Amino acid sequence: MAACGDAAMISPPPPAPKGIIRARGVSKRFGDRMAVDGLDLDVPAGCCFGLLGPNGAGKTTTLRMLYGVTRPTSGRIEVFGLDVATHSRTVRARLGVTLQESVLIEALTPVENLMVFGRYHLMRDAELRPRIDELIDFLQLGSHRDVPVRNLSGGFKRRLAVALSLVARPQLLILDEPTTGLDPAVRLALWTKVRELRDHGTTVLVTTHYMDEAERLCDRVAIMAAGAVLVEGEPRELISRLLARDTVEIEASEQEAAQLLSGYEESTNRMQAGNRAVVHLEDAAALVSHIRGRDSVADRRLIVRPTNLEDVFLHLTGMTLEASA
Ligand SMILES: Nc1ncnc2c1ncn2[C@@H]1O[C@H](COP(=O)(O)OP(=O)(O)O)[C@@H](O)[C@H]1O
Ligand SMILES: [Mg+2]
């Protein structure tokens, strides 16, 4: 990508078939708890796909079933067109995974960790060494390539974990909450790398509860809650289909808001959150001038912003995502 001059350093994986992941009616029961409950999912090749949902929604369990370490209680999953139940080894060899729990060896340096991981994947040194240099450059780990992992910051560790999952040039990269707990600048830098990988042909499936990032960085998202996909699509398309382009927040009780909005013709989707009315509509400007006409202090009470995926999540579940995550 133009934003980052080193994008060309990462060489592409072999071409992948069109639909990378296809899950139908997938459920996973733990005792009497349904962690995943009748999940359908289609991830097209070459996209950055976000699986969104609060803690306990079933994201990690879904990922574990996709790469064959957890068996579904029922349903069918195909990855690269192969049934994961019968081809889990082949599937796993072609995908890279970065889990929430770290797999890094603390006493070893980044380069040594990458060597161990590459050899585990039966890569020869002649192939592995240039690949490691490439990944160290790509994930900007050069300044710390020889520092033991135990002395690295959280951001470096997370980037190294991503580097490990890329050693064997996977066609599909699965990242479970890669940016949770990182500060915003480091989060953004990691997302930039994820997009660069996508631009060079790797399909990426990423879970997150950071809705703002998902909206900007994912081509498609599926919003999960209680083990099922509630809705799936391109972020902007979902927002306009389920709510509307603009949002106006009005500091007002339900009664005051009803007065301010009375006589306003355009259809709106409105909800009350404490002392704040939240109105979703296609054209905020018209509503703002309507309210200004009725309230001399309107500007102090109004926030006008684009509708976002957090609003969609709230609309679908009645929950806020950050609060529940
Ligand atoms: N190995 C397990 N044994 C029992 N319950 C589990 C296990 N793994 C996950 N769960 C439960 O399944 C639900 C979904 O968990 P998880 O997939 O980790 O959600 P998420 O990644 O979206 O936070 C949670 O209620 C969790 O407690
Ligand atoms: Mg999880």
Side-chain angles (χ1 to χ4, degrees), residues 21-43 48-77 79 84-85 88 91-92 95-104 154-155 157-159 161-162 164-165 172-182 186-187 190-191 194 204-215 217-218 220-233 235 238 309-310 312-325:
I21 296 172
R22 186 171 187 276
R24 288 294 176 273
V26 173
S27 296
K28 178 67 189 181
R29 176 192 292 278
F30 292 111
D32 57 3
R33 182 189 291 271
M34 295 299 284
V36 174
D37 194 0
L39 174 121
D40 294 331
L41 193 66
D42 287 282
V43 177
C48 177
F49 192 100
L51 197 55
L52 315 179
N55 264 346
K59 304 182 298 294
T60 300
T61 306
T62 299
L63 298 187
R64 292 174 62 86
M65 290 191 286
L66 292 176
Y67 68 92
V69 293
T70 296
R71 249 176 203 283
T73 310
S74 58
R76 183 182 167 89
I77 301 174
V79 179
V84 176
S88 67
V91 166
R92 244 178 282 166
L95 57 77
V97 180
T98 303
L99 294 176
Q100 270 169 295
E101 323 84 71
S102 176
V103 293
L104 305 178
K157 284 186 185 174
R158 212 67 69 87
R159 293 210 302 271
V162 174
L164 289 187
S165 60
L172 169 64
L173 177 64
I174 292 179
L175 303 170
D176 197 5
E177 307 252 4
T179 54
T180 299
L182 300 181
V186 180
R187 260 159 54 186
L190 192 53
W191 273 105
V194 167
V204 183
L205 175 62
V206 58
T207 70
T208 182
H209 59 264
Y210 295 119
M211 293 266 128
D212 52 339
E213 290 182 344
E215 186 178 324
L217 298 164
C218 295
R220 300 186 76 78
V221 297
I223 298 183
M224 276 187 86
V229 171
L230 301 178
V231 71
E232 190 271 345
L238 280 181
L309 282 177
E310 184 78 38
V312 170
F313 185 79
L314 185 65
H315 171 73
L316 292 172
T317 67
M319 292 188 287
T320 65
L321 203 99
E322 296 285 350
S324 52

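All of these numbers come straight from a predicted model, not from anything done at the bench. Each ligand, and each atom within it, is numbered from 1 in the order the structure gives.
In this structure a side-chain-to-backbone donor-acceptor pair under 3.5 Å is present from T207 to E177. When atom types are taken as modelled, the side chain of D40 and the backbone of G25 share a donor-acceptor pair closer than 3.5 angstrom.
Residue T62 places no N or O, backbone or side chain, under 3.5 Å from any N or O of ligand 1. The distance criterion of under 3.5 Å between nitrogen or oxygen atoms is met by G56 with respect to ligand 1. Geometrically, ligand 1 and F30 share no nitrogen or oxygen pair separated by less than 3.5 Å.
Contact between P54 and ligand 1 is present, with at least one heavy atom of the residue lying under 4.0 Å from the ligand.
With hydrogens left out, the protein atom closest to atom 17 (O) of ligand 1 is T61 OG1, 2.5 Å, a heavy atom. Of all protein heavy atoms, the one lying nearest to atom 19 (O) of ligand 1 is G58 N, 3.1 Å. Protein heavy atom nearest atom 18 (O) of ligand 1, with residue, atom name and distance: T60 CB, 3.7 Å. Protein heavy atom closest to atom 12 (O) of ligand 1, with residue, atom name and distance, is A35 CB, 3.1 Å.
Between A225 and L230, the shortest heavy-atom distance links the atoms CB-CD1, 3.8 Å. Closest approach of G38 and S27 over heavy atoms only: N-OG, 2.9 Å.
In R33, the part holding a heavy atom less than 4.0 Å from any atom of ligand 1 is the side chain.
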Exercise. Please assess R187 against T179 for the test side chain to side chain donor-acceptor pair (under 3.5 Å), listing each intermediate value before the final yes or no.
Key: CA-CA 5 Å; R187 260 159 54 186; T179 54; 4.7 Å; no
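When each atom of ligand 1 is checked for a heavy atom of A57 under 4.0 Å away, the hits are 19 (O), 20 (P), 22 (O). Near N55, the atoms of ligand 1 lying under 4.0 angstrom from a non-hydrogen atom of the residue are 23 (O).
For the Mg ion (ligand 2), the set of nearby N, O or S atoms under 2.8 Å includes one belonging to T60.
More than 12 heavy atoms of other residues, nucleotides or ligands sit less than 6.0 Å from atom CZ of R24.
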